[in-house]
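To start, the structure under review is shown below, and the notes come after it.
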Amino acid sequence: MAAAAVASTTGLMGMWNGTKDGREDGYIDWASGSTNVHNPLEVKIEVEDIRTLKPQPNYGSNGYGIVKHKSSLTPEQFLAGNDAEGKKYIEDVYFKEVAELVKQVTGSEIVVPYVFRIRQNSMKAGEFAANKLSHAALPVAHVDRDAITGEDGVREILGDVADELIKQGKRYAQVNIWRTIDQPIQKWPLCFINHSGVSGWGYDTHLARVFPTNDPRIAIRGEKKHDSVVKYDPNYKYHYVSKLDLDEALIFSSFDSDVTKVCPHGAFWDDASPDDAPTRRSIEVRCWVFFD
């Protein structure tokens with residue numbers, strides 16, 4: 001019997017496009033909008049549907065995957081997370097659900113959810129720009145942290161515990177749980193970039209750094225010296241999950257001390273998105289995880 005065909009779609013994804021002044025690093029002043037960073041390189045991509053891949057990518061082997069998970073929270077309770085009472089409810093209730101899920105998938109006992117982001121995106125392709133990235137799904141491929149900001153971030157949250165575990169040489173990661181809030185995703189789905197076919201892929205070689213000032217995101221995510229934007233490589237493979245539903249979640253390492261497991265990612269414009277596709281509403285929780 002012939003193998004089932006792998007379903008795929010096409011679209012656009014933003015990547016690093018260099019600086020206007022020729023410097024290696026970028027900068028952006030969020031107050032004035034001043035930046036030396038070019039608008040993102042629009043990369044045409046073919047994206048394979050994880051649902052049809054055999055075997056499917058999974059967290060243990062690839063650093064990303066899809067899991068079944070039904071939250072007890074309603075869409076209204078998720079969307080209320082932008083006010084103080086709703087934020088506390090997500091941190092008290094949903095964080096516990098996320099911690100249990102991440103423990104089940106990773107086998108780790110040290111799982112600390114520490115921040116969440118709610119994003120809503122109704123833009124069409126071509127409508128995003130660098131100064132809009134804090135208010136929308138991020139349509140530029142990135143990792144959340146690199147070797148420098150990853151270590152800074154885990155020490156900020158776990159303090160002396162992180163110091164001791166890092167000294168012991170423990171692998172650690174920022175693991176994200178990402179889900180739709182109210183409807184199956186049909187616009188701006190999340191794309192995972194598989195870099196296993198890229199020889200020598202690393203934080204220093206395949207990411208560009210953008211240093212922010214007057215950054216409003218500090219109130220949400222804490223301090224971070226720089227953002228890490230993906231540089232294009234022709235050997236990347238692209239994966240997504242079609243119509244991610246309410247009883248499903250995506251799990252991935254948005255930073256990992258094992259660089260082979262970190263998963264560059266970002267929203268992409270799906271050419272198959274219906275003209276009347278609903279606004280994409282999603283929530284992600286980020287956790288610090290140490291592995292035995």
Just by distance, no angles: are the side chains of [X] and [Y] close enough, under 3.5 Å, to form a donor-acceptor pair?
{"X": "Asn17", "Y": "Tyr232", "answer": "no"}
{"X": "Asp144", "Y": "His265", "answer": "yes"}
{"X": "His226", "Y": "Asp146", "answer": "yes"}
{"X": "Gln104", "Y": "Glu100", "answer": "no"}
{"X": "Ser71", "Y": "Glu97", "answer": "yes"}
{"X": "Ser34", "Y": "Asp29", "answer": "no"}
{"X": "Ser254", "Y": "Gln174", "answer": "yes"}
{"X": "Tyr236", "Y": "Trp201", "answer": "yes"}
{"X": "Tyr59", "Y": "Ser253", "answer": "yes"}
{"X": "Ser8", "Y": "Glu46", "answer": "yes"}
{"X": "Arg209", "Y": "Tyr27", "answer": "no"}

Work out which heavy atom in [X] is nearest to a heavy atom in [Y]; give both atom names and the distance.
{"X": "Ile50", "Y": "Tyr64", "answer": "CD1-CE1, 4.1 Å"}
{"X": "Gln186", "Y": "Ala277", "answer": "CB-CB, 4.0 Å"}
{"X": "Lys70", "Y": "Asp247", "answer": "CD-CB, 4.1 Å"}
{"X": "Gly60", "Y": "Lys261", "answer": "O-CE, 3.2 Å"}
{"X": "Val262", "Y": "His195", "answer": "O-NE2, 2.9 Å"}
{"X": "Val47", "Y": "Ile45", "answer": "CG2-CD1, 3.5 Å"}

Ignoring hydrogens and geometry, is there a side-chain-to-backbone donor-acceptor pair from [X] to [Y] under 3.5 Å?
{"X": "Ser108", "Y": "Phe290", "value": "yes"}
{"X": "Asn176", "Y": "Trp178", "value": "no"}
{"X": "Asp49", "Y": "Thr52", "value": "no"}
{"X": "Thr180", "Y": "Leu246", "value": "no"}
{"X": "Arg179", "Y": "His69", "value": "yes"}
{"X": "Asp83", "Y": "Gly86", "value": "yes"}
{"X": "Ser61", "Y": "Asn58", "value": "no"}
{"X": "Gln77", "Y": "Thr74", "value": "yes"}
{"X": "His142", "Y": "Val140", "value": "yes"}

More than 12 heavy atoms of other residues, nucleotides or ligands under 6.0 Å from [atom1] of [X]: yes or no?
{"X": "Asp160", "atom1": "CG", "value": "no"}
{"X": "Glu24", "atom1": "CD", "value": "no"}
{"X": "Glu223", "atom1": "CD", "value": "no"}
{"X": "Lys103", "atom1": "NZ", "value": "yes"}
{"X": "Asp21", "atom1": "CG", "value": "yes"}

| Relative to each other, are the rings of Phe268 and Tyr240 parallel, tilted or perpendicular (30° and 60° limits)? |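 Perpendicular.
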
Angle between ring planes, Phe255 versus Tyr203, binned at 30° and 60°: parallel, tilted or perpendicular?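 Answer is parallel, since the angle falls under 30°.
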
Linking I/L/V/M/F/W/Y whenever their side-chain heavy atoms sit closer than 4.5 Å, directly or via other members, would [X] and [Y] fall into one cluster?
{"X": "Leu250", "Y": "Val105", "result": "no"}
{"X": "Leu190", "Y": "Ile251", "result": "no"}
{"X": "Val112", "Y": "Ile177", "result": "no"}
{"X": "Val230", "Y": "Ile148", "result": "no"}
{"X": "Val161", "Y": "Val289", "result": "no"}

Separation between [atom1] of [X] and [atom2] of [Y], rounded to the nearest 0.5 Å:
{"X": "Arg117", "Y": "Arg119", "atom1": "CZ", "atom2": "CZ", "answer": "4.5 Å"}
{"X": "Ile166", "Y": "Glu164", "atom1": "CD1", "atom2": "CD", "answer": "10.5 Å"}
{"X": "Thr106", "Y": "Arg171", "atom1": "OG1", "atom2": "CZ", "answer": "8.5 Å"}
{"X": "Asn62", "Y": "Thr260", "atom1": "CG", "atom2": "OG1", "answer": "9.5 Å"}
{"X": "Ile283", "Y": "Asp182", "atom1": "CD1", "atom2": "CG", "answer": "12.0 Å"}
{"X": "Cys287", "Y": "Ile110", "atom1": "SG", "atom2": "CD1", "answer": "13.5 Å"}

Residues [X] and [Y] bridged, charged N to O under 4.0 Å:
{"X": "Lys187", "Y": "Asp270", "answer": "no"}
{"X": "Asp227", "Y": "Arg217", "answer": "yes"}
{"X": "Arg286", "Y": "Glu284", "answer": "yes"}
{"X": "Asp25", "Y": "Arg23", "answer": "no"}
{"X": "Arg51", "Y": "Glu248", "answer": "yes"}

> With a 6.0 Å cut-off on ring centres, are Phe95 and Tyr114 close enough?
Replying inline: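 No, the ring centres sit 6.0 Å or more apart.
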
Phe291-Tyr172 aromatic ring centre distance below 6.0 Å
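They do not qualify: ring centres at least 6.0 Å apart.
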
Chi angles and distances behind the side-chain contact (heavy atoms from CB on, under 4.5 Å) call for Arg281, Ile185
CA-CA 8 Å; Arg281 296 182 176 90; Ile185 299 291; over 6 Å; no

So if I apply the salt bridge (charged side-chain N to carboxylate O under 4.0 Å, His left out) rule between Asp152 and each of Lys225, Lys224, Arg145, which one comes out positive?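 Output: one option passes, namely Lys225.
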
Any side-chain heavy atom of [X] within less than 4.5 Å of one from [Y]?
{"X": "Ile193", "Y": "Met13", "value": "yes"}
{"X": "Phe116", "Y": "Lys87", "value": "yes"}
{"X": "Leu53", "Y": "Val6", "value": "yes"}

message = Working note: Leu79 + Ile181, criterion side-chain contact (heavy atoms from CB on, under 4.5 Å); need CA distance, chi angles, decisive distance, verdict.
response = CA-CA 8 Å; Leu79 291 171; Ile181 287 177; 3.9 Å; yes

For this session: Could you give me the CA-CA distance, side-chain angles and deciding distance for Tyr89 and Tyr94, then say whether side-chain contact (heavy atoms from CB on, under 4.5 Å) is met?
Result: CA-CA 7 Å; Tyr89 189 79; Tyr94 186 53; over 6 Å; no

Hey, mind stepping through Val229 and Leu207 against side-chain contact (heavy atoms from CB on, under 4.5 Å) and telling me if it holds? CA-CA 5 Å; Val229 181; Leu207 300 172; over 6 Å; no

